[in-house]
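Just below is one structure, and these are the notes that go with it.
Positions are given from 1, in the same order as the sequence printed here.
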Amino acid sequence: MQLDDELAASGRPSGWQGEAADAATAEHAKLGERLRELVLEISTVRTTAIATADEIRAVGNELAEAEALAHAHHFAITDDGRVEDLGTPPGIRPDEAADVDADRHDRIRPDLVHRVERILARADDADRELAKVLGDADKDLMDTGEAKTLADAAALGDARGLGETVEPPPPGDPAKNAEWWKSLPAETRSALAAAPPAWLGAMDGIPATVRHTANVNKIDDERAALNAEANRLREQIRQLPKGPGSRNLDGKYQRPLDQIEAKLKSLDEVEKVAAKPDRQLLVLDTSGERTKAAVGVGNVDTAENVSVFTPGLNSTVEGSMSDYDRSTAQLRYDAKHQSMMYGDGGDVAAVSWIGYEAPQLNDSLGENSVAGSSAAERGGEKLADFYRGINASRETDPNLVAIGHSYGSTTTGYALQHAGTGVDAAVTMGSPGVGTDSAADLKIPEGQAYNLKSDGDFVAILPWFDGNPSSIAGVQQLSTEDSTAPDGQRLNESSGHNTGGPDGYLTSGNTSQYNASVIAAGLPERAVRAPD
């Protein structure tokens, strides 16, 4: 606190004006930020080092116990972690030797091997955690975030240090992840919420606010790793021999380089969108061929109504996230208006989910082809867990609405065929099929499946994926034509297959977007039905 006061007192004197005063103020601000960074780094390293020292002592105690057991039964634990048999212990009578050796090999030795494996794993974890913190401090990768004072930075460092030493739970489903989170001591949860390790951002069932912080914090790490790999590939391309046949060699490295450069663009896009007010970065995954991400507008942890929009063909994080974010933000705004005016006033959150690698036109022959259902089935598994995670992370379930466009509606359809998603209603638009011809297979409340098909949308008339929702019994057809809402609002027709533009499914003022917004607000009775 004293250093904070001294830093504040060393700022711009009262009454000092002019260019020199402005320059001094700017330099003082830089100094303050650098001091906060140093305090954060020192505090994080100190807390992690203390926890690592405690862990080393615990590992040493376990090792001493294992060595005592080994010595008692005439085994030795070698420096490389092997359990070496030294033969029958001395002093054993010849008539007892066979039984003693059988017990040593059947019971004692397996126990020792298991203990040594556990000790080595604990030691490796402690080493990795401390090395990560020291590396981040050395490379200035620790973000001070919202810390405004040195005391804030110190507290954040303590939280991060504690967070880095928390072991992730065994891989589990969203319900188990949520159970693990809620079982943690309040102090640990608070520390993890303030400075969550990167792995928390990928866990369905963890609160959205925590996932957001974890995912935003790891953007710089992801960018650094991708840049390093891009530089490595560029150097390999530069060193390739020139002449006949070099084009094939060049292509071997150029394709992965193109993918990495696209991922770097996707990180820029994610960072830009996540920095907008009221955003939550719920998914960030740069593995595979393309980046996966999901961004929410509003608070997914507390909103009474949560919708999840899944797009289709040609959707990418770097090329599509900004557009989808604008559309879902407008959908949320209109749904909130409907909730305030005609519903119970419950808040609304809306998520743009590009958490799968949507088919691209250039994937026409691969396993990710838009002509096949493989990408939708794989994406549907992830999407189902994302739905489950929203419900599992909360004390009270929201009105959860699934919205899918084009191939994204197919992915949504496959997701809904999994049990226990907790989805309360679904809206498909421009759908070529939902993977089933039975509404009951979607496992949502009866009568809560809705479909939108614009005039001139030729994708929506193709029964490509085992059941087009335009003709499935039990799926309610909503209007996309010029119409009048129950409150007298004049609504415009949508046409074609797109979500955006003047005629898109999610263009504000269109009947289709209005219908999606009232479903998202939990007010299906206010929807405009399609003519019979």
Side-chain angles (χ1 to χ4, degrees), residues 40-71 73 75-85 107-142 157-172 176-177 180-181 183-185 187-189 191-192 194-203 205-206 210-211 213-215 217-218 220-222 224-226 228-229 232 284-287:
L40 170 64
E41 291 168 359
I42 292 169
S43 180
T44 303
V45 170
R46 179 183 63 83
T47 304
T48 308
I50 291 171
T52 303
D54 291 341
E55 185 71 358
I56 290 172
R57 278 192 289 272
V59 167
N61 291 336
E62 283 194 19
L63 181 58
E65 291 176 5
E67 287 181 328
L69 179 65
H71 178 75
H73 294 275
F75 289 102
I77 299 174
T78 65
D79 290 342
D80 59 359
R82 291 181 297 107
V83 177
E84 186 176 297
D85 187 356
R107 184 175 64 88
I108 303 300
R109 191 176 188 282
D111 182 29
L112 283 170
V113 170
H114 176 69
R115 289 182 184 223
V116 171
E117 288 175 348
R118 187 177 63 221
I119 289 167
L120 290 174
R122 255 185 109 169
D124 285 342
D125 286 343
D127 178 70
R128 185 175 60 254
E129 289 158 1
L130 182 59
K132 171 71 165 59
V133 168
L134 292 173
D136 286 355
D138 181 55
K139 298 172 185 175
D140 290 332
L141 293 178
M142 295 187 186
D158 288 342
R160 174 165 181 175
L162 177 58
E164 290 289 351
T165 60
V166 173
E167 287 297 309
K176 289 181 179 177
N177 293 341
W180 167 80
W181 173 261
S183 71
L184 293 173
E187 178 188 8
T188 304
R189 281 203 311 272
L192 289 175
W199 47 264
L200 266 177
M203 290 179 63
I206 300 301
V210 178
R211 296 183 70 174
T213 304
N215 287 323
N217 287 349
K218 79 175 183 178
D220 287 342
D221 288 347
E222 294 286 312
L226 289 171
E229 179 63 9
R232 185 187 69 82
L284 180 61
D285 177 9
T286 61
S287 66

d(Leu284 CG, Asn217 CG) to nearest 0.5 Å is 11.0 Å

Output all residues satisfying side chain to side chain donor-acceptor pair (under 3.5 Å) with Ser183, sequence neighbours left out; order by chain, then residue number. none

When rounded to the nearest 0.5 angstrom, what is the spacing between CD1 in Ile206 and CZ in Arg211? 8.0 Å

Please enumerate all residues that pass side-chain contact (heavy atoms from CB on, under 4.5 Å) together with Asn61, with sequence neighbours excluded. none

Could you state the interatomic distance from CZ (Arg115) to CZ (Arg118), rounded to the nearest 0.5 Å? 6.5 Å

Sequence-distant partners of Arg107, side-chain contact (heavy atoms from CB on, under 4.5 Å), two or more places apart: Asp103

Counterpart residues, salt bridge (charged side-chain N to carboxylate O under 4.0 Å, His left out), relative to Glu65 (two or more places apart): none

Just how far is it from atom CD1 of Ile77 to atom CG of Leu63, taken to the nearest 0.5 Å? 6.0 Å

Minimal heavy-atom distance between Ala214 and Pro196, with the atoms involved, is N-CG, 3.4 Å

Would you please name every residue forming a salt bridge (charged side-chain N to carboxylate O under 4.0 Å, His left out) with Asp127, sequence neighbours left out? none

Compare every heavy atom of Ala66 with every heavy atom of Leu112, then report the nearest pair and how far apart it is. CD2-O, 3.4 Å

With sequence neighbours excluded, what pairs up with Asp80 under the salt bridge (charged side-chain N to carboxylate O under 4.0 Å, His left out) test? Arg82

The side chain to side chain donor-acceptor pair (under 3.5 Å) partners of Glu67 (sequence neighbours excluded) come to none

Once side-chain contact (heavy atoms from CB on, under 4.5 Å) is applied, do any residues pair with Ala126, and if so which ones, sequence neighbours excluded? Thr52, Glu55

Minimum heavy-atom distance Leu184-Arg189, with the two atoms named: O-NH1, 2.6 Å

I'd like to know if the side chain of Arg122 and the backbone of Val59 have a donor-acceptor N/O pair within less than 3.5 Å. no

Sequence neighbours left out, what passes side chain to side chain donor-acceptor pair (under 3.5 Å) with Thr286? Give chain and number order. Glu222

Tell me which one of Val83, Val113, Leu69 satisfies side-chain contact (heavy atoms from CB on, under 4.5 Å) with Phe75. Val83

Residues which pass salt bridge (charged side-chain N to carboxylate O under 4.0 Å, His left out) with Arg109, listed by chain and number, not counting sequence neighbours: none

With sequence neighbours excluded, residues passing side-chain contact (heavy atoms from CB on, under 4.5 Å) with Pro169: Trp180, Trp199, Met203

Can you name the side chain to side chain donor-acceptor pair (under 3.5 Å) partners of Asp124, sequence neighbours left out? none

Tell me, do Pro168 and Leu200 make a side-chain contact under 4.5 Å, heavy atoms counted? no

